[in-house]
Protein chains: 2
Amino acid sequence: MTKQRISDVLRSHGVCPTQQRVAVYEYLLTHRTHPTADTIYHALVQEFPSFSRTTVYNSAKALAKAGLIRVITIDAEEQRFDAGIENHGHFRCTHCNEVFDFPVSEESVTALSPASFEGNTWDVYVTGVCPHCQASL
Amino acid sequence: MTKQRISDVLRSHGVCPTQQRVAVYEYLLTHRTHPTADTIYHALVQEFPSFSRTTVYNSAKALAKAGLIRVITIDAEEQRFDAGIENHGHFRCTHCNEVFDFPVSEESVTALSPASFEGNTWDVYVTGVCPHCQASL
DNA sequence: TACTCTAATTGTAATCATTACAAATTAAAA
DNA sequence: TTTTAATTTGTAATGATTACAATTAGAGTA
């Protein structure tokens with residue numbers, strides 16, 4: 001996706017497409033690794049020398065509010081950000097501390113959500129040891 | 001459950017049953033409100049004037065490691081603790097900020113957990129507006 | 001293009017939950 | 001008891017996140 005296209009997406013979601021917001025969203029679209037604010041900051045400060053940590057949080061907040069990204073709190077210490085907004089769960093490996101996606105069907109989500117509550121967003125977090133770390137143990 | 005009984009439970013889970021740990025576990029057993037460390041601290045400092053915030057965290061960590069309680073991170077700002085360890089999900093109301101339990105069936109959990117990952121613990125977090133707040137809006 | 005107004009960015013400082021640490025206390029075994 | 005190891009506790013440190021005010025950039029208008 002080109003920067004121009006990303007700008008259009010932001011605009012169509014009511015988000016003013018500043019250079020920084022476009023850069024943050026582009027980074028998340030091309031790095032599906034659930035990066036932390038600090039990781040994003042270090043990656044983008046090279047492109048924008050005046051880039052600020054605060055801008056990462058501000059941009060992410062604007063993108064999350066518009067429904068373009070999700071904030072993941074599977075890690076108690078720090079937030080992670082994810083451009084994938086379709087149905088999926090998150091798995092955190094306690095050994096390598098990476099976060100992976102795994103598929104979650106529409107039916108199982110429907111089965112989960114309590115009927116009497118409204119306007120629901122859901123997160124499925126699973127913690128354990130990933131296949132790669134299992135092999136190396 | 002008496003203090004004596006709680007002591008036995010801790011001991012049988014390999015946790016040295018100190019007064020403070022018994023008090024924290026008793027508080028969580030009798031208050032299924034998913035309290036924060038601060039809430040527990042304020043409640044117990046009345047019983048133990050020398051009670052410390054650090055002890056809440058230490059005790060909770062020991063209890064969680066023994067599998068007696070769970071740490072809930074549905075709230076990005078602060079941890080919550082829950083003596084309920086059977087299958088259930090957590091719902092956070094964005095209006096009153098309370099956390100409620102809701103049932104999650106064994107099958108839906110099995111359907112969720114990715115097969116290739118091991119030693120899994122899972123958390124299902126749903127966010128929205130609770131029935132009580134829906135009525136008052 | 002220049003102008004204007006509003007919104008966004010940025011750097012610094014503050015906040016606040018959580019943890020580190022070392023001294024004092026307690027638990028449990030001998 | 002006495003001893004020893006584990007736990008508690010108060011204070012200080014940590015570190016992610018936010019508040020804030022000054023600067024800068026975005027987008028519409030003439």
Side-chain angles (χ1 to χ4, degrees), chain A residues 3-4 6-25 27 34-42 44-66 68-69 71-81 97 99, chain B residues 3-4 6-25 27 34-42 44-66 68-69 71-81 97 99:
Chain A
K3 296 237 184 210
Q4 183 53 54
I6 292 175
S7 286
D8 294 342
V9 171
L10 295 205
R11 217 183 306 268
S12 70
H13 282 76
V15 179
C16 179
T18 64
Q19 289 191 339
Q20 290 86 345
R21 287 173 176 176
V22 170
V24 168
Y25 190 45
Y27 184 85
H34 318 90
T36 63
D38 205 56
T39 302
I40 299 173
Y41 168 73
H42 280 110
L44 296 186
V45 76
Q46 318 218 2
E47 189 178 349
F48 300 92
S50 74
F51 206 65
S52 154
R53 251 167 256 266
T54 304
T55 302
V56 178
Y57 287 107
N58 287 345
S59 299
K61 192 168 282 185
L63 294 169
K65 194 177 176 188
L68 288 167
I69 68 170
V71 180
I72 304 170
T73 58
I74 194 173
D75 217 324
E77 299 90 50
E78 49 191 353
Q79 300 176 9
R80 292 166 175 271
F81 304 99
N97 213 34
V99 174
Chain B
K3 295 238 185 210
Q4 183 54 54
I6 292 175
S7 286
D8 296 341
V9 172
L10 295 205
R11 218 183 307 266
S12 71
H13 281 76
V15 179
C16 180
T18 64
Q19 289 191 339
Q20 291 86 344
R21 286 173 176 173
V22 170
V24 168
Y25 190 44
Y27 184 84
H34 318 90
T36 63
D38 206 57
T39 303
I40 299 173
Y41 168 73
H42 279 110
L44 296 186
V45 76
Q46 317 218 3
E47 189 178 349
F48 300 92
S50 74
F51 207 65
S52 154
R53 250 168 257 265
T54 305
T55 301
V56 179
Y57 287 108
N58 287 345
S59 300
K61 192 168 282 184
L63 294 169
K65 194 177 175 188
L68 287 167
I69 68 169
V71 181
I72 304 170
T73 58
I74 194 172
D75 217 322
E77 299 91 48
E78 49 190 354
Q79 301 175 7
R80 292 165 177 271
F81 304 98
N97 213 34
V99 174

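This structure is a prediction, so every number in the text was calculated from the model and none was measured. Chain A is the first sequence line, chain B the second, and so forth, proteins listed ahead of strands; every chain is numbered from 1.
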ask   = side-chain contact (heavy atoms from CB on, under 4.5 Å) with V71(B): which of Q79(B), K61(B), R80(B)?
value = Q79(B)

ask   = When all nucleic acid strands are considered with a 4.0 Å heavy-atom cut-off, which category describes T54(A): base, sugar-phosphate, or nothing?
value = base

ask   = Of the candidate nucleotides dT10(C), dT8(D), dT9(D), which contains the atom at the shortest distance from the side chain of S59(B)?
value = dT8(D)

task = Determine the minimum heavy-atom distance between A66(A) and H13(A), stating which atoms define it.
result = O-CD2, 3.6 Å

message = Run the side chain to side chain donor-acceptor pair (under 3.5 Å) test against T18(B) and tell me which residues pass, sequence neighbours left out.
response = none

key: Side chains of F81(B) and I72(B) in contact at under 4.5 Å (non-hydrogen atoms)   = no

query = S12(B) side chain to V9(B) main-chain N or O, any donor-acceptor pair under 3.5 Å?
reply = yes

message = Rounded to whole Å, please give me the gap between NZ in K65(A) and C1' in dA8(C).
response = 14 Å

ask   = Looking across every strand, which nucleic acid part, if any, lies under 4.0 Å from T55(B) by heavy atom: base, sugar-phosphate, or nothing?
value = base

query = Who passes side chain to side chain donor-acceptor pair (under 3.5 Å) against T36(A), sequence neighbours left out?
reply = T39(A)

task = Return the value, rounded to whole Å, for the distance between atom CZ of R21(A) and atom P of dA7(C).
result = 11 Å

Dump the pairs, protein N or O against N or O of nucleotides 15-17 of chain D, anything under 3.5 Å, distances to one decimal.
from	atom 1	to	atom 2	distance (Å)
dT17(D)	OP1	Q79(A)	N	2.7
dT17(D)	OP2	Y57(A)	OH	2.2
dT17(D)	O5'	Y57(A)	OH	3.1

query = For the pair made of CG in N58(B) and P in dT18(C), what is the distance, rounded to whole Å?
reply = 13 Å

ask   = Roughly how many Å is it from OH in Y41(B) to C1' in dC16(C), rounded to a whole number?
value = 15 Å

For nucleotides 22-30 of chain C, which of its nitrogen or oxygen atoms have a protein nitrogen or oxygen under 3.5 Å away, and what is each distance?
from	atom 1	to	atom 2	distance (Å)
dA28(C)	OP1	R11(B)	NH1	3.4

inquiry  = In the structure I gave you, are the side-chain heavy atoms of T73(B) and D75(A) within less than 4.5 Å of one another anywhere?
reply    = no

message = What I'd like to find out is whether the side chain of F51(A) reaches to under 4.5 Å of the side chain of V24(A), using heavy atoms alone.
response = yes

request  = Name all residues meeting the side chain to side chain donor-acceptor pair (under 3.5 Å) criterion together with K65(A); count only those two or more places apart in sequence or in a different chain, and write none if there are none.
outcome  = none

note = Encoded 5' to 3' (Watson-Crick or G-U under 3.5 Å; [ ] crossing; | other strand), DNA chain C becomes ||||||||||||||||||||||||||||||

query = Over how many whole Å does the gap from L10(A) atom CG to dA8(C) atom C1' extend?
reply = 13 Å

remark   = Rounded to whole Å, CZ of F51(B) lies from C1' of dT11(D) at a distance of 17 Å

